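Shown next, in structure tokens, is the structure this report addresses.
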2 protein chains.
Amino acid sequence: MTKTKSSRQILSDLKSAGYRLTQSRAAVVRVIDEANGWLRPEQVHAQAKKHCPSIGLVTVYRTLALLVEHGYIRRIHFDDKCHGYARVELSHGHHLVCRGCSQTVEIAGTEDLKPLMKQVQKETGFVIEDHLLELVGLCRECQPNPTRPRSRHG
Amino acid sequence: MTKTKSSRQILSDLKSAGYRLTQSRAAVVRVIDEANGWLRPEQVHAQAKKHCPSIGLVTVYRTLALLVEHGYIRRIHFDDKCHGYARVELSHGHHLVCRGCSQTVEIAGTEDLKPLMKQVQKETGFVIEDHLLELVGLCRECQPNPTRPRSRHG
DNA sequence: CTCGTTATTGAAAATTATTTTCATTATGAC
DNA sequence: GTCATAATGAAAATAATTTTCAATAACGAG
Ligand SMILES: [Mn+2]
Ligand SMILES: [Mn+2]
Ligand SMILES: [Zn+2]
Ligand SMILES: [Zn+2]
């Protein structure tokens with residue numbers, strides 16, 4: 001809900017980190033920033049070409065990887081079509097995806113899982129280092145049209 | 001922790017459901033059942049050939065899809081290599097994966113997320129239908145050798 | 001047990017997704 | 001502006017998955 005980094009900020013952060021500020025990167029970052037849902041690389045490419053007509057799909061992949069690496073976006077997994085990419089705004093948020101319109105909102109969630117983690121650590125002897133949580137459902141607008149019934153979980 | 005379906009049971013369930021009990025299917029089910037971690041299709045294929053030398057990778061894919069469809073196995077997602085498949089034993093369990101040895105254990109977890117869900121529903125207006133939760137860490141045996149540091153989350 | 005129907009299979013080809021290579025280009029420091 | 005080189009895009013390579021289709025094997029009927 002709270003937008004923490006603007007498109008502009010991400011770019012300047014990358015610049016400070018030593019990356020060159022190119023047209024292609026600017027286009028991809030802008031597309032991700034303006035999207036209100038997850039996008040697949042091909043979709044990012046299509047959108048990005050509007051801002052940078054010469055951009056190639058390869059560069060989209062490379063830029064997405066860069067943005068994942070630096071924590072600005074995150075991969076979203078599905079039963080079918082892996083993978084989509086969505087903006088990360090919260091330091092440790094999770095993604096809630098509408099299966100109707102693919103709108104993606106981020107929710108805070110560091111604390112809620114702590115007790116579960118602790119218990120699992122104790123029960124299993126594992127040291128838990130990270131977790132992946134995705135919620136799927138229908139946004140308010142899509143609830144009247146419950147299309148595409150599709151299970152999640154893997 | 002509680003094994004609910006034996007390899008034999010899965011096969012007879014499938015038979016009751018109208019599927020033919022073939023060598024290939026038996027081999028794949030057996031491999032999945034005997035594995036103590038997640039496996040990728042290629043790995044399932046390699047193992048299955050030991051029981052059914054003529055089995056093709058295509059049939060492995062088909063059988064895995066069948067088993068997912070009927071809820072006997074589930075896909076596991078990773079940063080890199082999507083996807084692995086792991087045995088599902090609990091009615092609504094989640095998977096805990098060791099990043100060292102890929103050992104996969106299932107944990108119960110129907111109730112733990114209920115409060116979070118309720119809150120998110122209220123806050124976002126979404127109707128939440130399902131969720132994907134994967135935990136990643138190091139099992140007891142792998143803790144002394146913290147190899148391959150690798151983040152999770154998507 | 002044999003036969004006949006047909007679901008299932010495997011090989012090969014086709015798709016789709018992603019990565020690598022490499023010559024060219026554009027960015028940013030000076 | 002000039003220069004060094006990080007970054008790019010096209011094409012090829014690789015990986016992952018699906019489709020096609022003729023051959024096969026499962027299994028119920030007889
Ligand atoms: Mn995935
Ligand atoms: Mn659950
Ligand atoms: Zn929606
Ligand atoms: Zn381990």
Side-chain angles (χ1 to χ4, degrees), chain A residues 8 10-31 38-70 73-85 154, chain B residues 8 10-31 38-70 73-85 154:
Chain A
R8 192 175 300 100
I10 293 179
L11 289 171
S12 78
D13 283 5
L14 286 174
K15 195 164 177 179
S16 318
Y19 296 93
R20 290 186 182 174
L21 188 8
T22 68
Q23 298 290 302
S24 307
R25 281 177 180 153
V28 170
V29 169
R30 182 172 163 192
V31 166
W38 56 268
L39 296 171
R40 299 197 296 129
E42 198 63 70
Q43 297 177 298
V44 174
H45 185 215
Q47 293 295 312
K49 278 203 278 197
K50 292 176 182 172
H51 307 125
C52 175
S54 69
I55 192 174
L57 180 56
V58 191
T59 295
V60 171
Y61 271 102
R62 287 192 278 231
T63 306
L64 290 175
L66 182 72
L67 294 174
V68 166
E69 196 180 318
H70 288 258
I73 63 176
R74 181 181 301 152
R75 286 222 275 193
I76 306 288
H77 299 264
F78 304 91
D79 277 352
D80 37 14
K81 64 180 92 142
C82 280
H83 303 97
Y85 292 84
Chain B
R8 193 175 298 101
I10 293 178
L11 289 170
S12 76
D13 282 5
L14 286 174
K15 195 165 178 180
S16 319
Y19 296 94
R20 290 185 182 175
L21 186 9
T22 68
Q23 299 288 303
S24 305
R25 282 176 179 154
V28 170
V29 169
R30 182 171 164 192
V31 167
W38 57 268
L39 295 171
R40 299 194 298 127
E42 197 63 71
Q43 298 177 296
V44 173
H45 185 216
Q47 293 296 312
K49 279 205 277 198
K50 293 176 182 170
H51 306 126
C52 175
S54 69
I55 193 174
L57 181 57
V58 191
T59 295
V60 170
Y61 272 102
R62 288 193 276 231
T63 305
L64 290 174
L66 183 71
L67 293 174
V68 166
E69 196 180 317
H70 288 259
I73 64 176
R74 182 180 301 151
R75 287 222 275 194
I76 306 290
H77 300 264
F78 304 91
D79 277 350
D80 39 11
K81 65 181 90 143
C82 279
H83 303 98
Y85 291 83

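Below, each value reflects all heavy atoms present in this structure, side chains not excepted, and no hydrogens, waters or symmetry copies. We name chains A, B, ... by the order of the sequence lines, and we start the count at 1 in each one. Owing to the predicted nature of the structure, the values given are computational and were not obtained by experimental measurement.
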Problem - Earlier contact from the 5' end, DNA chain C, for Pro41(A) and Leu21(A) - result: Pro41(A)
Exercise for the section: Verify side-chain contact (heavy atoms from CB on, under 4.5 Å) between Tyr85(A) and Val44(A), making sure each step is shown before the conclusion. Expected result: CA-CA 9 Å; Tyr85(A) 292 84; Val44(A) 174; 5.7 Å; no
Practice task
Please check if the side chain of His45(A) supplies one atom and the backbone of Tyr61(A) the other of a donor-acceptor pair under 3.5 Å.
Solution key: no
Exercise for the section: Name the nucleic acid region contacted by Arg25(A), choosing base, sugar-phosphate or nothing; use a 4.0 angstrom heavy-atom cut-off, strictly under. Expected result: sugar-phosphate
Handout entry: Between P of dA16(D) and NE2 of His83(A), the distance in whole Å
Key = 12 Å
Handout entry: Where Ala27(A) and Cys52(A) come nearest, the two heavy atoms and their spacing
Key = CB-CB, 3.8 Å
Handout entry: Rounded distance (Å) that lies between atom C1' of dT17(D) and atom CZ of Phe78(A)
Key = 18 Å
Problem - Note, Phe78(A) side chain near Arg40(A) side chain (heavy atom, < 4.5 Å) - result: no
Exercise for the section: Send over the distance from Leu64(B) CG to dT9(C) P, rounded to a whole Å. Expected result: 12 Å
Practice task
Output the single nucleotide from dT17(D), dG28(C), dT18(C) whose closest atom is nearest the side chain of Lys15(A).
Solution key: dG28(C)
Practice task
Taking all non-hydrogen atoms of both residues into account, name the closest pair between Ser24(A) and Thr59(A) and its distance.
Solution key: CB-CG2, 3.6 Å
Practice task
For the side chain of Arg40(B), starting at C-beta, report the closest nucleotide among dG10(C), dT19(C), dA16(D).
Solution key: dA16(D)
Handout entry: Expected output: side-chain Arg25(A) to main-chain Arg20(A) donor-acceptor under 3.5 Å
Key = yes
Handout entry: Rounded interatomic separation in angstrom, taking CG from Leu57(B) and P from dA14(C)
Key = 18 Å
Exercise for the section: Go through dT9(C), dC27(D), dA12(C) for me and flag the one nearest to the Val58(B) side chain. Expected result: dA12(C)
Handout entry: Out of dT9(C), dA4(D), dT19(C), whichever nucleotide has its closest atom nearest the side chain of Arg20(A)
Key = dA4(D)
Handout entry: Whole-Å gap separating C1' (dA7(D)) and CD1 (Ile55(A))
Key = 11 Å
Exercise for the section: Flag yes if more than 12 heavy atoms outside Gln43(A) fall under 6.0 Å of its CD atom; otherwise flag no. Expected result: yes
Practice task
Test side-chain contact (heavy atoms from CB on, under 4.5 Å) on Val28(B) and Ile55(B) and set out the steps.
Solution key: CA-CA 9 Å; Val28(B) 170; Ile55(B) 193 174; 3.8 Å; yes
Practice task
Specify the residue among Arg62(B) and Tyr19(A) whose closest nucleotide of DNA chain C lies further upstream toward the 5′ end.
Solution key: Arg62(B)
Practice task
Provide, to the nearest angstrom, the distance between the CD atom belonging to Gln43(B) and the P atom belonging to dA16(D).
Solution key: 11 Å
Handout entry: the helix from dC1(C)-dG30(D) to dC30(C)-dG1(D): angle between end helix axes, five pairs per end, rounded to 10 degrees
Key = 40°
Practice task
Kindly say if Thr22(A) contacts the phosphate of dT8(D), meaning a side-chain N or O under 4.0 Å from OP1 or OP2.
Solution key: yes
Exercise for the section: Name the nucleic acid region contacted by Gln23(B), choosing base, sugar-phosphate or nothing; use a 4.0 angstrom heavy-atom cut-off, strictly under. Expected result: sugar-phosphate
Exercise for the section: In whole angstrom, give the distance that lies between atom NE2 of His45(B) and atom P of dA15(D). Expected result: 17 Å
Problem - Any Ser24(B) side-chain nitrogen or oxygen under 4.0 Å from OP1 or OP2 of dG10(C) - result: yes
Exercise for the section: Could you check how far CG of Leu11(A) sits from C1' of dA7(D), rounded to whole Å? Expected result: 15 Å
